[in-house]
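One structure below.
Every chain is numbered from 1, with letters handed out A, B, ... down the list of sequences.
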Amino acid sequence: MKFQEFTKGIIKNNAVFALALGLCPTLAITTSVENALGMSLAFAFVLISSNLIISALKRFIPQEVRIPCFIVIIASLVTAIDLFIHGYSPTLYEHLGIFLPLIVVNCIILGRAEAFASKHSVSDTFLDAAGVSVGFALAIISVSAIRELLGSGTIVIFGHEVVPAFTSSPAVVMLLPPGAFLTIGILLALLKRAKVI
Amino acid sequence: MENLLGIAIGAILINNIVLTKFLGLCPFFGVSTRLKNATTMGLAVTFVMTASSILTWLVYEYLLVPLHIQYMRIVVFILVIASFVQLTEMFIKASSPTLHRSLGIYLPLITTNCAILGVTLMNTVVEGYSLIAATVNGVATGVGFILALVLMAGLRERLELADPPQAFQGLPLAFISAALLALAFQGFSGMIL
């Protein structure tokens, strides 16, 4: 077990900022921090459990049909989390909408399955998947915090006002699609300027 | 009778798949550096999207609904799309090597294009369209995708001549151009059909 398998996915190889993967959920559901938290948890569940299963089964999956096998495993887990969230949190289900089933085609998950889980031991795979999940959560939570702060003028998480309202006329455009592109564009440029990625 | 024109205009302009709904962003940023590649990719996506819309609609309505296994939709849809893409690739390879050379590398990418799965889910589960409406929605969403991709490729080809600050070079500049495009498309949101 190597601990660097965990840390490399958080900042240096951050899936969203450094590799520009998984952009659809990063831009679409980041209108509030609450949504981003829900998405991060659903994503982490699917990524970690699917990669553990794939890593455990790697000897039994024939090389030629590995991609369809991976997709079926991922799709089954997404169906499970889809039904779970539908049952326990209808509000979150409504907010995440179509992006919850679309975790299936999130390129980060298939990418990690193909590039890491199918070649490494189960314990290393767990560290890698956990690191990538933390990196993804970091990315979408930071994007959503900026958008909610500027677009709603406040940050509310599960009924608690984390940042109290500071303006009566927030920049609503930040909650609309252009705001999402603008936020991630400027964030990427700043990270590049600071030589983080 | 559904408002087919409304669905079409809505899918192309008002709810543009890329700039308003944030689907298919990977090819949008990945393949939009050259106008020619963007057009080819756009056409390939439109073709697969239309065919998948029809196929998944039939599977959903005549297989999943009668058997009461709608919850299997995610697994079934992705398999239908993946096999259709695979078949198309084999067909093109056998029938037209020229077409295969120019389109070949894009086809496998389309399977994991979230726009395709997104449209098929919208047709069946979210909107509950009829077969005709689902087909129209598939074609129109594809046209919307081409429009966004071609506009973006045009912008990025011009931007190559510009000299932005070093930090903005590449992807950050592409995101900001997309923000301006999306802002322009927000203008359509007031249209009532």
[X] versus chain B, the contacting section by heavy-atom distance below 4.5 Å:
X	answer
A:Leu176	side chain
A:Leu110	side chain
A:Asn106	neither

Open item on the list: In the structure I gave you, are the side-chain heavy atoms of B:Ile78 and A:Ile74 within less than 4.5 Å of one another anywhere?
Closed with: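 In short, these two side chains do not touch, never coming nearer than 4.5 Å.
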
Nearest-0.5 Å distance that lies between atom [atom1] in [X] and atom [atom2] in [Y]:
X	Y	atom1	atom2	answer
B:Leu25	A:Thr26	CG	OG1	9.0 Å
A:Leu102	B:Leu117	CG	CG	5.0 Å
A:Asp82	B:Tyr71	CG	OH	13.0 Å
A:Leu83	B:Ile74	CG	CD1	7.5 Å

Taking a hydrophobic cluster as the set of Ile, Leu, Val, Met, Phe, Trp and Tyr residues connected by side-chain heavy atoms closer than 4.5 Å, whether directly or through intermediates, do [X] and [Y] fall within one such cluster?
X	Y	result
A:Ile141	A:Leu190	no
A:Leu52	A:Ile73	no
A:Leu182	A:Leu23	no
A:Tyr93	A:Tyr88	yes
B:Trp57	B:Ile17	no

- [ ] Against chain B, work out which of A:Ser76, A:Ala28, A:Cys107 has the most heavy-atom pairs shorter than 4.5 Å and name it.
- [x]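 Ranked by contacts with chain B, first place is A:Ala28.
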
TODO: Among the options A:Gly185, A:Pro178, A:Pro68, pick out the one with the most heavy-atom pairs lying under 4.5 Å from chain B.
DONE: A:Pro178

Does any backbone or side-chain atom of [X] lie under 4.5 Å from a heavy atom of chain A? Answer side chain, backbone, both or neither.
X	answer
B:Met122	both
B:Leu19	both
B:Ala178	both
B:Leu79	side chain
B:Phe29	side chain
B:Val18	backbone

Atom [atom1] of [X]: over 12 foreign heavy atoms under 6.0 Å:
X	atom1	answer
A:Lys58	NZ	yes
B:Tyr62	OH	no
B:Tyr60	OH	yes
A:Glu94	CD	no

Task: Test side-chain contact (heavy atoms from CB on, under 4.5 Å) applied to A:Pro177 and B:Leu181, B:Thr20, B:Leu183, the passing residue - done: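 Testing A:Pro177 for a side-chain contact (heavy atoms from CB on, under 4.5 Å) against B:Leu181, B:Thr20, B:Leu183 leaves exactly one candidate, B:Thr20.
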
Task: Closest heavy-atom pair and its distance - A:Phe181, B:Phe22 - done: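 Heavy-atom minimum between the residues: CE1-CE2, 3.6 Å.
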
- [ ] Looking only at non-hydrogen atoms, find the nearest pair between B:Gln169 and A:Lys192 and report the distance.
- [x] O-NZ, 2.6 Å

TODO: Could you check B:Phe168 against A:Leu188 for side chain to side chain contact (heavy atoms under 4.5 Å, CB included), going step by step and ending with a plain yes or no?
DONE: CA-CA 8 Å; B:Phe168 278 95; A:Leu188 267 184; over 6 Å; no

TODO: Could you check which of B:Pro165, B:Ala179, B:Ala182 has the highest count of heavy-atom pairs closer than 4.5 Å to chain A?
DONE: B:Ala179

